[in-house]
Amino acid sequence: MKLILAFFLVFGTIIKAQNSRDAETLFLESKDLLYKKPSESAIISEFLFKNSSDNNDKIKALLLLTESYLIRGDYNSASEKLFQCLELSKESNRPENEFQINFLLARLCDELGIEFSQLYLIKNEKEITQNYYEKAIKSYSDSNWNQTVKDLKLFEKQKNKSFPELSNFYYALSYSNLGKLDSAQYYAQKIQRYEPYYFYAKAKIQSSRKESDKNIDYIESLKPINKKVQDVWLREEIYNLAVKNYNKSKNKDKYREYYQLQTALQDSLSSVKENARISFLNKIGQKQDEILETKSEQQTKMSYFIAIAILLVFTVAYFFNRKLNQKQNDYEKSKQEAEDREKFIAENKAQESAGKIVIPDKTISFLLEKLEKFESNDEYLDSEISLNLLAENLNTNTKYLSEIINTYKNKNFHSYINELRINYIINKLKNNPVYLKYKVSHLAEEAGFSSHSLFSTVFKQVTGHSPASFIKTIKNQ
């Protein structure tokens, strides 16, 4: 029996190891195809994601999927996969995954024209390692080719490197633009396996030689890969190079053909990016609202925990003190102190009631009228408003104003102002559909709140719902 169990144990281990090797082989194949045939790479990565039980393997597959979608200009799908990565990475907690997620998030934000700082609740910029490969791409797009070369060299020194083949591609392009054609040729030879990028780099180098007849030969040599190029950025670069060279050679038909292709691609990308930008910002807003709600729930739970802990401490202390000889004296002393304290409070309340502020009727009418005007003019939206400032604006003192608000508005000054602000936003959300598209941070700022979190807290106190939940309810009506 023991031999049979041992056999099945060994057999199971072999099968598991074989499956692991097969998955790793597929992953390497998907990675190799990423810049050759990104759509095929995506198919393999999708298969690996669906059939993996390990979170780290799922993240690796999702990262390849994200990269594939970014290459092909499918920014909506890229953002969807990135958010899946963010969820899974909470449990994985691997630096190499965080490095790649941050890089792709920054790249997606850059593509869609979104400041990375807008992800403040999702990603802390201070914890993000500087990615020089990302900087190199940005420097190249800004035509700062010397800086591109410097950033690529710094990138090579980083431990968490990815896709070095395209590093060679940007080396080749940068040296070509700088007129260092021997260096450009050296790096171009390193990317021969990646045909679209290799042929484009060769054409770019030849273009830099300023031999127009040969330039056109190289432009013609790009024809076989034109339809195969899935990288939308590279396709646009090819069209741009063709337009410049055919314009230089005065070939009007070819110039017109590539100019139309270039314009159509730019228009298509502009529309796709705008839609993806709106969708991505909405996802960020929803995610940040979820994080705030979770934090609020955690704080509530922590408050309950602290209250229970304090209660337990006092309970244990009470029973412990009962066993001590001095228990009776301490108890009597505490009891007497409590009675004295209650007596003092009661006496002060009686004095306060007896000496209640007496405000002339005319002053009451005057202040109520001024408060009504204050409310109708939306002056409470001023983030600097305070009891002292409002009393000064109404030509009265803080005691009178506080008494009027407590008596006639049935709330203290801060509750009075906050409720006015929340009701203002609720009215805007219900009557102006544009406000339903605004971020919660924008609503908080317009209402005069000093922070996003304070606005969310007060909003929930007044309405019983978070801002995101309230907006969702209105949209569904």
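Any value given below was found using the heavy atoms of this structure, including those in side chains, with hydrogens, waters and symmetry copies removed.
- At least one donor-acceptor pair under 3.5 Å links the side chain of Ser376 to the backbone N or O of Glu372.
- For the residue pair Tyr239/Gln266, the side-chain donor-acceptor check at 3.5 Å is not satisfied.
- Panel note: side chain Asn432, backbone Val434; a donor-acceptor pair is recorded below 3.5 Å.
- Minimum heavy-atom separation, Ala172 to Tyr187: N-CB, 3.9 Å.
- Evaluated for a side chain to side chain contact (heavy atoms under 4.5 Å, CB included) with Ser45, the options Thr66, Leu64, Leu34, Leu26 yield exactly one hit, Leu64.
- The CD1 atom of Ile101 sits 5.5 Å away from atom CG of Leu86, with the distance rounded to the nearest 0.5 Å.
- For Ser271 (side chain) and Ser268 (main-chain N/O), no donor-acceptor pair under 3.5 Å exists by modelled atom type.
- Counting heavy atoms from C-beta on, the side chains of Thr263 and Tyr259 come closer than 4.5 Å.
- To the nearest 0.5 angstrom, Gln206 atom CD is 9.0 Å from Leu181 atom CG.
- Within 6.0 Å of CD on Glu236 lie more than 12 heavy atoms contributed by other residues, nucleotides or ligands.
- Phe374 has its side chain within reach of Ile417: a pair of non-hydrogen atoms, C-beta onward, lies under 4.5 Å apart.
- Counted by atom type alone, Gln230 and Ser39 present one or more donor-acceptor pairs between their side chains at under 3.5 Å.
- Residues Ser456 and Val440 meet the side-chain proximity criterion, which asks for heavy atoms closer than 4.5 Å.
- When ring centroids are compared, Phe459 and Phe470 come within the 6.0 Å threshold.
- Other residues, nucleotides and ligands contribute more than 12 heavy atoms inside 6.0 Å of the CD atom of Gln189.
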message: Show, in sequence, the C-alpha distance, side-chain angles and deciding distance for Asp110 and Arg107, and conclude whether the salt bridge (charged side-chain N to carboxylate O under 4.0 Å, His left out) test is met.
response: CA-CA 5 Å; Asp110 188 56; Arg107 181 172 165 185; over 6 Å; no
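- For residues 46-55, the salt bridge (charged side-chain N to carboxylate O under 4.0 Å, His left out) pairs, not counting sequence neighbours, are Glu46-Lys81.
- Residues Gln100 and Lys60 have side chains not in contact (no heavy-atom distance under 4.5 Å, counting atoms from C-beta outward).
- When ring centroids are compared, Tyr197 and Tyr200 stay outside the 6.0 Å threshold.
- Among Ser174, Ser141, Ser143, the single residue meeting the side chain to side chain contact (heavy atoms under 4.5 Å, CB included) criterion with Thr148 is Ser174.
- Here CZ of Phe49 is found 6.0 Å from CG of Leu88. Values are rounded to the nearest 0.5 Å.
- Annotation for Lys409: atom NZ counts as buried by contact number, over 12 foreign heavy atoms lying within 6.0 Å.
- Although no hydrogens or angles enter the test, the distance criterion places no donor-acceptor pair under 3.5 Å between the side chain of Ser383 and the main chain of Gly448.
- By the 4.5 Å heavy-atom criterion applied to side chains, Lys244 and Asn240 are counted as neighbours.
- In this structure, the separation between OH on Tyr69 and OG on Ser41 is 10.5 Å, given to the nearest 0.5 Å.
- Environment of CG in Asp182: sparse, with no more than 12 heavy atoms of neighbouring residues, nucleotides or ligands closer than 6.0 Å.
- Looking only at atom types and distance, the side chain of Glu375 has a donor-acceptor partner in the side chain of Tyr416 under 3.5 Å away.
- In this structure, Lys36 places its NZ atom where more than 12 heavy-atom neighbours from other residues, nucleotides or ligands lie under 6.0 Å away.
- Remark: the Tyr380 side chain and the Asp378 side chain contain an N/O donor-acceptor pair separated by less than 3.5 Å.
- Of the residues Tyr175, Phe169, Tyr170, the one that meets the ring pair (Phe, Tyr, Trp, His ring centres under 6.0 Å) test with Tyr140 is Tyr170.
- Under the 4.5 Å side-chain criterion, counting only non-hydrogen atoms from C-beta, Val232 is not in contact with Val272.
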- prompt: Can you check salt bridge (charged side-chain N to carboxylate O under 4.0 Å, His left out) on Glu67 and Lys31, steps first, answer last?
  reply: CA-CA 10 Å; Glu67 185 83 4; Lys31 188 174 180 180; over 6 Å; no
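- Among residue pairs with one or both ends in residues 267-281, those qualifying as salt bridge (charged side-chain N to carboxylate O under 4.0 Å, His left out) are Glu111-Lys273; sequence neighbours excluded.
- Taking each heavy atom of Pro38 and Ser68 in turn, the nearest pair found is O-OG, 2.8 Å.
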message: Please determine whether side chain to side chain donor-acceptor pair (under 3.5 Å) holds for the pair Tyr435 and Glu446, giving the CA-CA distance in whole Å, both sets of side-chain angles, and the decisive distance to 0.1 Å.
response: CA-CA 11 Å; Tyr435 276 74; Glu446 180 164 334; 2.4 Å; yes
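- Side-chain atoms of Phe280 and Cys109, non-hydrogen and from C-beta on, do get closer than 4.5 Å to each other.
- By the neighbour-count criterion of 12 heavy atoms within 6.0 Å, atom NE2 of His442 is densely surrounded, having more than that number from other residues, nucleotides or ligands.
- For NZ of Lys411, the number of neighbouring non-hydrogen atoms (other residues, nucleotides, ligands) closer than 6.0 Å is greater than 12.
- For the atom pair NZ (Lys37) and CD (Glu195), the distance works out to 9.0 Å, reported to the nearest 0.5 Å.
- Between Leu241 and Lys204, the shortest heavy-atom contact is CD2-N, 4.2 Å.
- Counting heavy atoms from C-beta on, the side chains of Arg193 and Asp32 come closer than 4.5 Å.
- Enclosure of atom CD in Gln192 by more than 12 non-hydrogen atoms of other residues, nucleotides or ligands within 6.0 angstrom is indicated.
- To the nearest 0.5 Å, atoms CD1 (Ile205) and CG (Asn177) are separated by 10.0 Å.
- Of all non-hydrogen atoms in Asn76 and Asn275, the two that sit nearest each other are OD1-O, 4.4 Å.
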